[in-house]
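Ligands are counted one by one from 1 in listed order, and the atoms in each one are counted from 1 as well. These values consider heavy atoms only, across backbone and side chains, with no hydrogens, waters or symmetry-generated copies.
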Amino acid sequence: MLLEVLQRYWGYDGFRPLQEEAMRSVLDGRDSVVVLPTGGGKSLCYQAPAMCREGLAVVVSPLISLMKDQVDALVSNGIPAAFSNSTQTGAQRARVDSEVLSGRIKLLYVSPERLVQDWMIEFLKKANVSTFAIDEAHCVSEWGHDFRPEYRQLNLLRENFPTLGLHAYTATATERVREDIVRSLGLRQPDILVGSFDRPNLIYKVERRKSGLGQVREILDRHKGESGIIYCTTRADVDTLSLELTGQGFQTRPYHAGMSDDDRHRNQDAFIQERCDIIVATVAFGMGIDKSNVRFVIHYGMPKALENYQQESGRSGRDGLEAECCLLYSGREMIRWRNMIGESPPGPAREAAFHSFEAMTRFATGVTCRHKSLVNYFGQDLPTEQAESCGACDVCLGQLDLVDDAQVVGQKILSSVFRQKERFASNHTALVLKGSKEQRVLQFGHDQLSTYGILADVPQQTIRDWIEQLVGQDFLKKEGEYQDLKITPQGWELLHGKVTPKLLKPAAPTKEKRKAAVIADSWDSVDRGLFDSLRELRRAKAGALGVPAYIVFGDTALRDMARRRPTTIAGFHSVKGVGDKKLADFGQEFIACITNYCEQHGAATDTL
Ligand code: ADP
Ligand code: ZN
């Protein structure tokens with residue numbers, strides 16, 4: 001039954017991990033907390049069951065813009081869905097209300113502030129509600145990164161609908177947030193389903209920001225004609241970078257909170273409807289969008305917490321196809337974040353902010369597998385087959401250039417820390433090793449140390465990077481208000497020559513880079529030319545219908561079309577992501593496009 005619904009409405013032929021269990025929980029009327037990463041397929045967990053049973057599923061969703069997109073996507077698949085929020089006119093609302101009461105609507109999206117109103121609760125008591133799905137459920141928790149007070153009042157649901165199942169969905173994994181969700185919503189022995197936080201289709205790369213623009217261009221050149229987001233930490237960076245890239249012939253649009261609502265909406269729509277490829281934005285962008293085929297996310301600056309990085313980079317590749325996440329960080333930015341956090345009032349919130357910031361710094365400057373660092377931070381391990389090499393990060397792909405005599409270099413740095421009596425921070429230590437004549441070095445007589453200038457031929461910045469890498473690998477630690485460097489027990493092992501750290505050479509980019517395996521697979525047998533033609537058609541359709549491009553078809557569907565090249569209705573129906581409604585709405589035109597293209601280019605048709 002579930003599989004049949006999945007096939008008929010969505011054109012999918014199987015479940016993603018934990019989806020089936022989550023759907024069973026809904027159908028059986030239990031409570032549940034479902035924790036899956038972005039792109040894990042949480043929405044389907046409540047949408048598919050709603051189509052298998054009597055009654056109305058009410059979905060609590062915090063973002064009005066996302067609500068509309070979700071409803072549009074459902075309707076485009078032939079599913080009767082609607083939303084109720086403050087953007088509607090009285091007449092629109094009255095129509096939705098009557099459709100809900102008549103039982104036609106299967107899924108109703110409601111904002112939390114509206115749901116907790118007495119009149120709404122009374123209205124829902126008259127409707128035949130079967131379940132409540134609470135999306136972005138971490139918003140109930142003050143420990144989450146996105147606390148919303150109105151979520152706290154959702155405990156009303158349990159009181160008013162004691163017999164119905166309540167289901168909470170989130171991508172935030174921490175134990176504490178999960179407990180908060182269970183307690184605040186009054187869940188009863190919920191099924192707790194926690195998926196793997198790894199996103200194997202994302203390829204992570206980290207570089208120190210040097211030329212900035214040049215580095216961004218190099219990445220963009222790998223993604224011609226694809227959709228991507230460039231995150232900047234300041235509005236000024238957004239404006240400058242967007243302008244520079246436009247000047248160099250890239251189609252970009254800026255987005256930040258300093259722009260007018262109109263401008264922002266216009267640029268967001270252009271991106272979603274694929275009239276422009278690239279959006280250059282502050283973190284103000286992204287919360288309300290759900291574009292499945294973002295092929296790359298570039299961070300032009302480092303976020304202040306690893307949670308943020310995971311969430312922002314996670315907006316790429318939601319369709320499960322490969323996507324690239326590049327982080328460009330700078331030391332200056334790290335200092336700025338540290339100072340900013342330091343200025344906030346002391347207390348647990350500040351401690352938590354420091355904790356997340358340090359994790360972010362370790363991720364950026366570290367030399368351990370990026371997939372591993374991320375999932376470890378969220379308390380998980382990588383599946384064993386990926387533990388040796390994830391095959392999808394700069395570390396595992398061997399794209400990092402490591403220093404050959406890292407043991408000796410590490411010893412030099414640690415000796416200097418020791419001779420400075422472990423009372424100085426990284427910056428000072430780097431100056432000593434470099435052999436700087438700055439006043440503060442001379443003032444402490446550090447030009448007399450045997451380690452003075454022993455790394456004179458290495459750029460100052462590289463020495464600082466190495467120190468960070470030694471901290472990241474637990475050879476050194478930073479302590480106290482001034483972040484003085486101290487040698488750890490592991491550090492002593494290094495000084496005794498028993499262990500060797502990994503240290504990065506400032507990489508001179510090698511031409512022959514290994515390609516991530518995920519890329520090769522997902523393009524297997526896909527005719528790129530046909531894919532581009534289909535994309536053009538999708539763009540035109542989306543424009544004509546005024547909907548986001550991915551609502552017409554996702555990238556997965558387009559690639560599958562360009563792989564199978566179906567010229568018959570039956571063939572088209574077996575394409576991934578083509579359900580009954582999409583077949584009826586778009587089948588003819590896309591088949592015509594395929595037939596034309598294959599004729600013109602002498603490409604084989606109906607190949608699978
Ligand atoms: P989340 O809300 O967890 O971030 P979504 O529900 O938006 O994720 O799903 C991400 C993408 O994966 C969507 O494009 C969705 O249609 C697709 N998807 C979900 N479940 C499946 C499945 N079983 N098979 C194929 N694609 C799926
Ligand atoms: Zn890796």
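Two residues are said to be in side-chain contact when any heavy atoms from C-beta on lie closer than 4.5 Å; L154 and F132 fail this criterion. Side-chain contact between V552 and Q273: absent, with no pair of heavy atoms (C-beta onward) separated by less than 4.5 Å.
Counting only distances under 2.8 Å, and ignoring water, the protein N, O or S atoms around the Zn ion (ligand 2) are C369 SG, C390 SG, C393 SG, C396 SG.
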Does ligand 1 have any N/O atom under 3.5 Å from a protein N/O, and what are those pairs and their distances?
residue, atom, partner, partner atom, Å
ligand 1, 3 (O), G40, N, 3.4
ligand 1, 3 (O), G41, N, 3.0
ligand 1, 3 (O), K42, N, 2.9
ligand 1, 3 (O), K42, NZ, 2.8
ligand 1, 4 (O), G39, N, 2.6
ligand 1, 4 (O), R318, NH2, 2.7
ligand 1, 6 (O), K42, N, 3.4
ligand 1, 6 (O), S43, N, 3.1
ligand 1, 6 (O), S43, OG, 2.6
ligand 1, 8 (O), G41, N, 3.1
ligand 1, 12 (O), R16, NH1, 3.1
ligand 1, 12 (O), R16, NH2, 3.2
ligand 1, 16 (O), Y12, OH, 2.5
ligand 1, 20 (N), Q19, NE2, 2.9
ligand 1, 23 (N), G14, O, 2.8
ligand 1, 23 (N), Q19, OE1, 3.0
ligand 1, 26 (N), R16, NH2, 3.3

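Classified by interplanar angle (parallel below 30°, tilted 30° to 60°, perpendicular above 60°), the ring pair Y204/F363 is perpendicular.
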Original post:
How far apart are the C-alpha atoms of D198 and S196, what are their side-chain angles, what is the distance that settles it, and do they pass the side chain to side chain donor-acceptor pair (under 3.5 Å) test?
Top reply: CA-CA 5 Å; D198 187 40; S196 164; 5.4 Å; no
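In this structure, the ring of Y309 has its center less than 6.0 angstrom from the ring center of H299. Under the 6.0 Å cut-off for aromatic ring centres, F553 and F590 qualify, their centroids lying closer than that.
Summarising the geometry of L534 relative to M561, their closest heavy-atom pair is CD1-CB, 3.7 Å, with the distance given to 0.1 Å.
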With a cut-off of 3.5 Å and sequence neighbours excluded, list every side-chain donor-acceptor pair involving residues 11-22.
residue, atom, partner, partner atom, Å
R16, NH1, G39, O, 2.9
Q19, OE1, R16, N, 2.7
Q19, NE2, G41, O, 3.0

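Sequence neighbours left out, the pairs with a member in residues 268-277 that pass salt bridge (Lys or Arg N to Asp or Glu O under 4.0 Å) are E274-K291, E274-R535, E274-R538.
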